[in-house]
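Okay, structure first, notes after.
Below, each value reflects all heavy atoms present in this structure, side chains not excepted, and no hydrogens, waters or symmetry copies.
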Protein chains: 2
Amino acid sequence: MSYTVGEMAKMLNTTPSTLRYYDKEGLLPFVGRSVSGIRMFTDTDYEWLQIIGCLKKTGMSLKDIRKYIYMAMQGDDTIDERLQLFLKQKEAVEKQLAEINETLDIINFKCWYYQTAKEAGSTEVPKNMSLDEIPEQFHAVREKLRRPNKAETYEQKVE
Amino acid sequence: MSYTVGEMAKMLNTTPSTLRYYDKEGLLPFVGRSVSGIRMFTDTDYEWLQIIGCLKKTGMSLKDIRKYIYMAMQGDDTIDERLQLFLKQKEAVEKQLAEINETLDIINFKCWYYQTAKEAGSTEVPKNMSLDEIPEQFHAVREKLRRPNKAETYEQKVE
DNA sequence: ATAAAACCTAAAGTCAACTCTAGGTCAAGC
DNA sequence: GCTTGACCTAGAGTTGACTTTAGGTTTTAT
């Protein structure tokens, strides 16, 4: 079973131009052509493109993705290299996850902050609350947002 | 307590150029200047920059961040708008989290795949394994990677 | 048989977010 | 007082990842 660039683009929820661009950049050396020069994508190519999409989503550059594709094209000699790449990528993605969770904490704090401000009619209310008026889950976030340096030595603020 | 652009850049783990660029783009209308025109960042500015960094990390464009800053500068009339913005951003980030978790599944599968290939000396081994030879946790991922389109969608295939 | 739609390439254009350069001013240490 | 390093602006340049355009060929539908 094979697909044209337009069909494959639809299956991947992208555009033909993007796939041609990837091809031009050397990311799709596995894609075959018909006698008249038209790209013929297979189900296996679809799998490759899913992997490419996965790596891209986790922030890998097209250049690095190309390196991986080249490795794979070289065959079994590069198995370990590829394993290392995915192990490294796993680390990177786990770090990303942790970071996004941290920013989610900040966003949740801000939601509470503006919810409170809305009820009170002014941002001065949440802004000036002392820690014991704030839900505990937000204590750490507020401290982190305020402290210009991470040293916990002292934190006197006088204006 | 006030800081120069270089000091603030260090505190935020960025560069002076980036901060000047943000300023030029209108993201930092709150930053004051000394008599001689030098930017003077305060602790409050640091908090703003943390929020900007948070929004940026979750993929918000500088343009949209500027909109938010402008809202905030307008005062209490925009509290609800800002609340809505953060609620929307919360949704977006939760979706991001789900997506990253999905790609992490794929990466974990690939780690297992290449680990298995390494032990066997060839990618043919994991590639040709039947589902019951594969750890259950990877069943769903492998199916997803392989299936060119969902069962319910109809898509004509060229042969 | 012909028109429309989908394919092809090469090359130029776009966009966001920086990053660097040039030319100059200001402030701290010797 | 002088040097050095940090600051300033305006504007040009860079990078990555597309996207569009122009000009042409092939496939599909009527």
Side-chain angles (χ1 to χ4, degrees), chain A residues 1-42 45 48-69 92 96 103, chain B residues 1-42 45 48-49 51-69 92 96 103 155-159:
Chain A
M1 226 169 308
S2 82
Y3 317 91
T4 66
V5 69
E7 287 162 349
M8 186 51 75
K10 254 178 212 152
M11 282 158 61
L12 294 161
N13 206 25
T14 180
T15 68
S17 297
T18 301
L19 292 181
R20 292 198 193 101
Y21 168 67
Y22 286 179
D23 196 9
K24 189 164 61 175
E25 291 298 298
L27 270 78
L28 316 179
F30 44 77
V31 174
R33 301 282 181 129
S34 75
V35 218
S36 53
I38 286 174
R39 289 179 188 82
M40 308 289 275
F41 291 80
T42 66
D45 297 347
W48 279 113
L49 283 161
Q50 294 260 94
I51 297 297
I52 289 173
C54 163
L55 295 173
K56 206 158 59 72
K57 255 194 253 174
T58 63
M60 190 180 281
S61 69
L62 297 189
K63 223 169 129 185
D64 285 348
I65 293 173
R66 180 172 53 195
K67 271 190 216 151
Y68 162 67
I69 299 285
Q96 257 183 64
T103 71
Chain B
M1 197 60 189
S2 83
Y3 316 91
T4 67
V5 69
E7 286 163 349
M8 186 50 75
K10 254 178 210 150
M11 282 158 62
L12 294 161
N13 206 25
T14 181
T15 68
S17 298
T18 302
L19 292 181
R20 292 198 193 100
Y21 169 66
Y22 285 179
D23 197 8
K24 191 161 57 173
E25 291 297 299
L27 271 77
L28 317 179
F30 44 78
V31 175
R33 302 282 182 127
S34 75
V35 216
S36 53
I38 288 174
R39 289 179 188 81
M40 308 290 273
F41 290 80
T42 67
D45 297 347
W48 279 113
L49 282 161
I51 296 297
I52 288 174
C54 163
L55 294 173
K56 206 159 60 73
K57 256 195 254 173
T58 62
M60 191 181 280
S61 70
L62 297 189
K63 224 168 127 186
D64 285 348
I65 294 173
R66 179 172 52 195
K67 272 188 215 153
Y68 162 66
I69 299 285
Q96 256 182 66
T103 71
E155 183 87 50
Q156 65 270 53
K157 290 162 189 175
V158 177
E159 313 189 11

* Please give, in whole Å, the distance from D:dA17 C1' to A:Lys63 NZ? -> 14 Å

* **Atom-pair distance (CG on A:Leu28; C1' on C:dC8), nearest Å** => 15 Å

* **Distance in angstrom units between B:Arg33 CZ and D:dC7 C1', rounded** => 10 Å

* **Whole-Å distance separating the CG atom of A:Leu27 from the C1' atom of D:dC18** => 13 Å

* Could you check whether A:Ser34 gets within reach of a base, just the sugar-phosphate, or nothing at all, counting any heavy atom under 4.0 Å? => nothing

* Asked: In Å, rounded to the nearest 0.5 Å, how long is the span from OG1 of A:Thr14 to OH of A:Tyr21?
  -> 12.0 Å

* Asked: Is a side-chain donor or acceptor of A:Arg66 paired with a backbone partner of A:Glu25 at a separation under 3.5 angstrom?
  -> yes

* Structure fact -> Result for 5'-nearest mapping on DNA chain C, choosing between A:Ile38 and B:Ser61, is A:Ile38

* **Minimum-distance nucleotide (side-chain atoms of A:Ser36 versus D:dT26, D:dA10, D:dT9)** => D:dT26

* Does the distance from a Lys or Arg side-chain N to an Asp or Glu carboxylate O, for B:Asp23 and B:Arg20, drop under 4.0 Å? -> no

* Rounded to the nearest Å, what distance is computed from the CD1 atom of residue A:Ile65 to the C1' atom of nucleotide D:dG16? -> 12 Å

* Asked: Within this structure, what is the NZ-to-P distance between B:Lys57 and C:dA17, rounded to whole angstrom?
  -> 16 Å

* Asked: Looking at NZ of A:Lys10 and CG of A:Leu12, how far apart are the two atoms once the value is rounded to the nearest 0.5 Å?
  -> 12.5 Å

* Asked: Looking at residues 12-21 of chain B, who's got a heavy atom less than 4.0 Å off DNA chain C?
  -> B:Thr18, B:Tyr21

* Structure fact -> The single option from A:Leu27, A:Ile52, A:Ile51 that satisfies side chain to side chain contact (heavy atoms under 4.5 Å, CB included) with A:Tyr68 is A:Ile51

* Structure fact -> d(B:Ser17 OG, B:Lys24 NZ) to nearest 0.5 Å is 9.5 Å

* Separation of atom CZ in A:Arg66 from atom C1' in D:dC18, rounded to whole Å -> 15 Å

* Distance check: side-chain N/O of A:Arg39 vs OP1/OP2 of C:dC8, anything under 4.0 Å? -> yes

* A:Asp45 (side chain) donor-acceptor with A:Thr42 (main chain) under 3.5 angstrom -> yes

* So does B:Lys24 get a side-chain nitrogen or oxygen closer than 4.0 Å to the phosphate oxygens (OP1/OP2) of C:dA17? -> no

* **Nucleotide C:dA27, atom C1' - distance to CE of B:Met40 in whole Å** => 12 Å

